[in-house]
Every structure is written in structure tokens, then in C-alpha cells.
Amino acid sequence: MRTCVALSLALSLLIPGSVPAVADAYHATPKLVVVLVIDQFRGDYLDRYRDDFKTANGFNLFLKKGVHFTDCYYDYANLVTAAGHSTIGTGSYTDGHRIPVNEWWEPGEDGKQRLVTSVSDDRYKLVGIPEGGGAVSPGASPYREAASTLGDELELATQGRAKVFGVSFKDRAAILTSGHATKGAFWTDHDSGAFITSTYWMSDLPAWAKAFNAGDERAKARQAAGVPTGNFYEEVGQKPAAVQYMINFAKELVKNEHLGQNNVTDMLTVSISNTDILGHKVGPDSPRQREMIDAVDVSLNDFFSFLDKQVGLQNVVVALSGDHGVAPTMQAANSAQMPSTAVKSGPFLKAVEAQLEKKWPVKKGDKYVLGGEYPYIQLNQKAFEAAHVSELEAETAAGEAVQEQISNNSDFAVKRSKQALPEGREADSLREPVIFPVAKMRSGEIPDTELGRRILHSYSPYVGWAIWMNFGAFQFPGNEEGATHYSSFAYDRHVPLDFYGAMFVPGTYHDRVAPVDIAATFASILRVNQPSSIEGHVLTQVLRPDTGSGFASHTPNAAQKGSPR
Ligand SMILES: [Zn+2]
């Protein structure tokens, strides 16, 4: 066995540009898998800003030397960060991994409803928060993610020898993409910007992470961002300098944990949050977002050039995607004559609550509508049960209340101004929303349509009693300036899907693919089990022919040479 590996390594050294004969996790070929997620990164950005990208190893690594899919769409209808990262990690949708949104209400031990996050876990504490230095509760873990990730399968297949890590500005993005069996996940403390973790993984930060936090990295990022004080996550996080700050931490991780120096394949998930933190404030068409994307290009060039020195890019495979897209701002949609409306969520949900209370008086201090995150509106099961109302009855009534409030055109809707419309036309009103009771999602009573399938893919028991709802196209919760994402519309579901690596046939591909295909394709390349709830398919159209002893030579053949990339 050992001779065989040595021989294949020797051969691969002799033939320049060739792929080692054996491609699987057990022979450390590739040496390192990188899953790169860019938060709120819509599928049109890479082509829209292609002319901006001047670096060799930034986005051009994918666009010029890798695989670029133009038509990657999520096939579910709850387009938010936690669900998107879990979908990429597990290769399954919410009905597989169960993560519905970022935060939701769930009954605590005392039976009272409390807001939890997709990764909060009372059994653990946060590690590494500078102020006071003590461990902080609740900690975080991936326990609500009900499926294995690609990283988990890599750990299982190598009996824990693979080094799998996750890193991001956001906890959920670091944790849910990488998984349960990982050696560590790191994200930022919002106030200070220091990188932290949870006692789920370790009781103390590694020495290199402590040194990073104690060094001048945060001060440098603050200075470059022009934000000397204030909340690091919100204020520095919306500036381009924050991207390089996180990449610098990822580089320290690769170096000090010796990723890609193992006798099995290692894996790192990296999620860049800053496009989302800024994008919510300014929208997808703002020059500030373009500047941010150009900064991501420069930082990725730095990261992949570093990996080339550290591991050798010929030994690395990379997937690039986004956790969700985004809608245009209300103003941008309006100037394109789309009937856009923003809905002030607080007053809207209050009106729905009032209508339900008219039907069934509620116990003092209680309420029927818990709220939560779109596309879900969560309901208070206990309050309805006290009024002897069944789940389907409650959810149907809530859906009717939403319909009625929307057709009443109440003052929670920020509509297009009349001045922006041709003479004689009224400002557009909110269109018919699409609403489904969760009870019907649970029992599968959803129409057999494209949208029906997407809604079924969005089901999670974690939302309890609730309705799934979408406002009309270009209509969303929020205000005139900002932009958001949550819906089943194409602009929220469209993300890039790009690959780099020796086993791929470079080029631009127009097949309809989905981010769930990343885990399926990488599991196939690594020859490990697909994650437990896999929905994705192996993208065989981008893989070089497998000769049985490895992927065919890297040298392009005559037919490929002239083809456009
Ligand atoms: Zn977001």
C-alpha cells in the first residue's frame, strides 16, 4: 500500500500538471477542500462585475481557470443565512437539515416561549470574549442541524484523522457549514471583533488564535475602516477592510493547524459575511456593494496565493457559492417600474394579532402571534390551546388575517409615491400573498407545483405552529432604503456555483444546478459517503474522465483547447 502511494506521488511529480493517480480522501488527494460561501452574494454579481476583477487568484481563479455555473438556484423557499449555510454544508434542504431561519421561538423548560438562534446551546459557553475574559452563556453548537455535513462524513470516513474547521464573521455561518464532528469553528464577538468559539469544541482558544486576538489585527481593521470605536460587527463589518481581517484569521488557522499537511484530506469552510452586513443597508445596486465585492476579490487573491505557497493550489479543491441572493431596494425596483412595496413588519403583525384577538379573546398578557423571521410567522400554540383552537384552525385564521390586512392596504405598507407614476395611475398596493399553514406542510398537502416542492423543502418542525408566507414579487418586509432576502422569488434563490481544482474541466456552464450539489460532488471526489439527508447530485458534466486510477490528465485535449472559458 505504502509503495503504491509513494509510486503514484513520484509519478505525479514527474508529469507536470498531472493529477495524482489516486484521488480520494484516504490518500490526501486532494490535500485540502475549501468550501467558500459569500453571504448575500447573488448569482449575477460575478458576471456583472467581471471586468473589475484584476487579480489572478481571486474570482478569476474560478472564472478563468475553473468551473463557472451561471444558473445555480436554491430549490427551497426560506432564503436566509442559517438555512443557506446548512444547505451548503449538508447538501440537503430544510426538510433534511431542519434549520428554517436564523432565530425562532421555541418553548423553554418552563414552557414559556423564548427566542433561540440556529446555533445557541445552553449546555455550552462562549470562549475567548475579551471583556472580563470569562466564559459566556449560552454557548453555541450545531446540535439543531439534523443532518451530517460533508465535513462530518470526511471525519467519519477517516475516523477523525481529517482536520475540518469552519470560520466566519457569523457564528451560524462558521458552525452550520462545517458541522458536528469538526476540530473547531471560529467567529467574531460582535462588540470587540475578537474571534471566539464555544466549549462544544474547546475550553480555551488555541495559542495562535489568542495571539491573533491580542495582536494589532483589530486595531488595523478599525483604522482601515475608519471606525475607531463602536460595535465591531456592525460598524467595521460593513466596510471592505473587514473581509481581509477575517481572511487573515483564516490564514493563521491554515498555518497553525497545518491544514493540507495531513495524510488524509483536510477541509475548511470560509464564509464572508460583510457583503450581507452592508447589503442590507445599501442594496445590491449600490456602488458601496460593488466596492465590497471588489475588496472580496483582492482578499481572495491574497488567500488563494497564500494557499498556493502553503499547500500548492494543485492540491486544493474549492467550491464557491452564496447562502442566498437579495431583492433590489424598493427605490431601485420602483424606478424600474416594478410595483414594489416595503412592509413595516411591526405594525403589520400587530394588525394580524388584533384581528385574531377579535375572533378569540386572549388571556391577559398573552398573544397569538409570536412573529419570528420571514417567510415564517410563528404562532403561540399555548395561547390557541387555551382558547380551544386546533393547529389547522389557528393557522388558517392567521392566514386569513394576513390576507385581509394586506387587501385593506393598511398604513404599514410603504408604497410607491404617486409622483413616480404616470398621470391617473394609483400607487400600487400589496399583491395577494402566498400563504401555507405549517400543518399542511407537515402532512404534505401542498400543490404539486414547482413552488409546492420548494415550500415542502422549507419544512422544519422547529417553527411549531406557524404559517409560511410570501408577499408579492418585489414586495418585502423592510423600508425604502434597505434590501432583504427571505422569499421563493428568483432574485433570492440565485447564487453563484463555481469550482476550482485539478479534476474539473474549466469552462462556463449553463445547466440548472443547486448549492446542494457541492456536498454531493465533493463526497464523490473524496470517495466518502454522501451526507445523511443528501438532495444534491454529482455534477459529472464538470469532472474529467475518471480512468479508474484517478482523473485524466490536466493537459487540455484538442477539443477543449479552443473552447471558450
Ligand atoms: Zn442577510
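Remember, it's 1-based here, ligands and their atoms both numbered in the order they're listed. Atom set for the values below is all heavy atoms of this structure, side chains included, hydrogens, waters and symmetry mates excluded.
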For this session: Measure centre to centre between the rings of Tyr509 and Phe69, then say whether the value is under 6.0 Å.
Result: yes
Exercise. Can a cation-pi geometry be assigned to Arg123 and Tyr143, taking NZ or CZ under 6.0 Å from the six-membered ring centre and within 45° of the ring axis?
Worked result: yes
Exercise. Taking only residues two or more places apart in sequence or in another chain, which ones pass side-chain contact (heavy atoms from CB on, under 4.5 Å) with Asp498?
Worked result: Leu46, Phe62, Leu63, His68, Leu320, Pro496
Problem set entry | Asp323 versus Gln40, side-chain donor and acceptor atoms under 3.5 Å | no
For this session: Step through the shown structure and confirm whether more than 12 heavy atoms of other residues, nucleotides or ligands are within 6.0 Å of NZ on Lys350.
Result: no
Exercise. Tell me, which protein N/O/S atoms are under 2.8 Å away from the Zn ion (ligand 1)?
Worked result: Asp276 OD1, Asp276 OD2, His280 NE2, His485 NE2
For this session: Provide the closest heavy-atom pair for Tyr486 versus Phe471 in the form atom of the first, atom of the second, distance.
Result: OH-N, 2.9 Å
